[in-house]
Amino acid sequence: MYCPNPKCGKYNVDDAKFCVSCGEPLESGYEEDGDNDPNKKDSDQIIYCSRCGAPNVDEAEFCEDCGERLIKPESIEDHFDQIIYCSRCGAPNVDEAEFCVDCGEQLIKIEKTVKCPHCGEFNVKDAKRCENCGKLLIMPVDGVKCPYCRAFNFKDAKHCENCGELLNGDIDGHTNGISKNIKILLVSAAVLIILVGIAVFMLSQGGVTKDNFPVSEAPNLAAAYSGNTGNVNYQNVDLDKNQRIYILAKAIVMINNGDSGSITVKDWGDAEDPKGYINSDYITKAQYIDIASRTYQFMDRNNRTPNYVGISEPNQPDLAPNTVLNLFSKVLSEYKSTGKLPEGVSIP
């Protein structure tokens, strides 16, 4: 079955009570009364091991059965960026967990093996449309060919999957449709040209704002304040540490992908409990690009700076926010000097 949450819609096994992707209750949800409530425990003092599923007292730090470090349920959503929800009780768990830490149920991992030919997203094997882009995953064998764009469609389709035109419409009637579509395209193109002209004008005026921070300015920002982890003023724009971390992280990913454009800067909250145990190391290009990607995506989701960032593995307390800022500053400072991202940098 598929999740009824319009913002999710992901596939779940038929007997799941909660969506494993977002935690939304499914249509076959459990009864709230009696013994069918999966959230009802024999004791409020029990925490289950995410590795072996064994029950432990709530104060325990390690599983008494297998020795695995125990994860407190209340800390998962605040401190981990990759989460899977229990299909029985709906509680959040870390993505690597085998058993739910709240009810002990074995977690269900949905295997996705069919790659979308349009966007590259992986889908469950019996899906007809991609859950990411919505396009067909398979070519209809006995389908109907569109008389206008020649694309194949399922035989019971009324509109073309590719161009949206009626599959049983006549060519004469289609002429008017083309005229309307051309008018819409011309108006859209005119609006786009105007917007591009405005953007070019603003950039030509040297406009650096929080709503429009050019990626090309990120290396200059990094070089100007390398080693500074406080608030700065760059081209008359006040930036705090959290905003600098976000700008530099996203700029590294965009430069690596060959993307230009600008970054929108918001007000992000401080890390709630900043920590990091690695102060000196050599970080490869693949590692710092992955760190940058995970950092700005975490800030987009949680509206704050992460407490720490793992070097090779997510959710590991390797680098504190100040160390992350210095790492990104070194990467982009070298990019400013050489015109290419370095193969690696040393911290501090």
Which pairs pass ring-ring contact (aromatic ring centres under 6.0 Å, His included) with one or both residues in residues 312-348, sequence neighbours excluded?
-> none

From CA spacing to verdict: side-chain contact (heavy atoms from CB on, under 4.5 Å), I255, L341 | CA-CA 8 Å; I255 290 172; L341 293 174; 4.2 Å; yes

Verify same cluster id: V324, Y225 (apolar side-chain graph, 4.5 Å) = yes

Listed pairs under 3.5 Å, donor-acceptor, residues 213-224 side chains, sequence neighbours left out:
| unit_1 | atom_1 | unit_2 | atom_2 | d |
| --- | --- | --- | --- | --- |
| E217 | OE1 | N220 | ND2 | 3.4 |
| E217 | OE1 | Y234 | OH | 2.4 |
| E217 | OE1 | Q235 | NE2 | 3.3 |
| N220 | OD1 | K336 | NZ | 2.8 |

Could you tell me whether a side-chain N or O of N257 sits under 3.5 Å from a main-chain N or O of V253, the two making a donor and an acceptor?
-> yes

Can S312 and Q287 be counted as having a side-chain donor-acceptor contact under 3.5 angstrom?
-> yes

Identify whether the distance between the nearest side-chain nitrogen and carboxylate oxygen of R294 and D290 falls below 4.0 Å.
-> yes

So do the side chains of F298 and P306 get within less than 4.5 Å of each other, counting heavy atoms only?
-> yes

Over 12 non-hydrogen atoms of neighbours within 6.0 angstrom of CZ in R51 | no

Validation row: L70, V101 side chains within 4.5 angstrom (heavy atoms) = no

Sub-4.5 Å side-chain heavy-atom contact between N56 and C49 = yes

Is it true that a side-chain atom of T295 and a backbone atom of I291 form a donor plus acceptor pair closer than 3.5 Å?
-> yes

Go through the structure and list residues passing salt bridge (Lys or Arg N to Asp or Glu O under 4.0 Å) with K210, not counting sequence neighbours.
-> none

Would you check if D211 and V265 make a side-chain contact, meaning some heavy-atom pair closer than 4.5 Å?
-> no

Do Q243 and D267 have side-chain N/O donor and acceptor atoms under 3.5 Å apart?
-> yes

Run the side-chain hydrogen bond (donor to acceptor under 3.5 Å, both in side chains) check on D238 and N233 step by step: do they pass?
-> CA-CA 4 Å; D238 292 324; N233 182 280; 2.6 Å; yes

Apply side-chain contact (heavy atoms from CB on, under 4.5 Å) to K72 and I47, showing your working.
-> CA-CA 7 Å; K72 306 297 181 182; I47 181 173; 3.9 Å; yes

Identify, with sequence neighbours excluded, every residue that meets side chain to side chain contact (heavy atoms under 4.5 Å, CB included) alongside N326.
-> T229

Heavy-atom donor-acceptor pair, S293 side chain to I289 backbone, under 3.5 Å = no

Under a 4.5 Å cut-off applied to non-hydrogen side-chain atoms, are D102 and Y48 in contact?
-> no

For T209 and V237, work out which heavy atoms get closest and say how close.
-> CA-CG2, 4.1 Å

Heavy atoms from other residues, nucleotides or ligands near CD of E313 exceed 12 (cutoff 6.0 Å) = no

Linking I/L/V/M/F/W/Y whenever any side-chain heavy atoms sit under 4.5 Å apart, do Y296 and I283 land together?
-> yes

Flag, side chain of N307 to backbone of E272, donor-acceptor distance under 3.5 Å | yes

Under 4.5 Å between any side-chain heavy atoms of H159 and E165, yes or no?
-> no

Ignoring hydrogens and angles, state whether a donor on the side chain of D300 or Y246 is under 3.5 Å from an acceptor on the partner side chain.
-> yes

Does some side-chain heavy atom of I311 sit less than 4.5 Å from a side-chain heavy atom of I278?
-> yes

Spell out, as yes or no, whether a donor-acceptor pair under 3.5 Å connects the side chain of N242 to the backbone of T305.
-> no

Do side-chain atoms of K285 reach the backbone of V345 as a donor and acceptor pair under 3.5 angstrom?
-> no

Examine distances only and state if a side-chain atom of R244 and a backbone atom of N228 form a donor-acceptor pair shorter than 3.5 Å.
-> yes

Go through the structure and list residues passing salt bridge (Lys or Arg N to Asp or Glu O under 4.0 Å) with D273, not counting sequence neighbours.
-> K275

Should V232 and I247 be regarded as members of a common hydrophobic cluster, given that ILVMFWY residues are connected when their side-chain heavy atoms come within less than 4.5 Å of each other, either directly or indirectly?
-> yes

Does a side-chain heavy-atom distance below 4.5 Å link E98 with L107?
-> no

Excluding sequence neighbours, so at least two apart, what forms salt bridge (Lys or Arg N to Asp or Glu O under 4.0 Å) with E64?
-> none

Give the C-alpha distance, both sets of side-chain angles, the deciding distance and a yes or no for side-chain contact (heavy atoms from CB on, under 4.5 Å) between W268 and R304.
-> CA-CA 5 Å; W268 287 278; R304 67 172 178 85; 5.5 Å; no

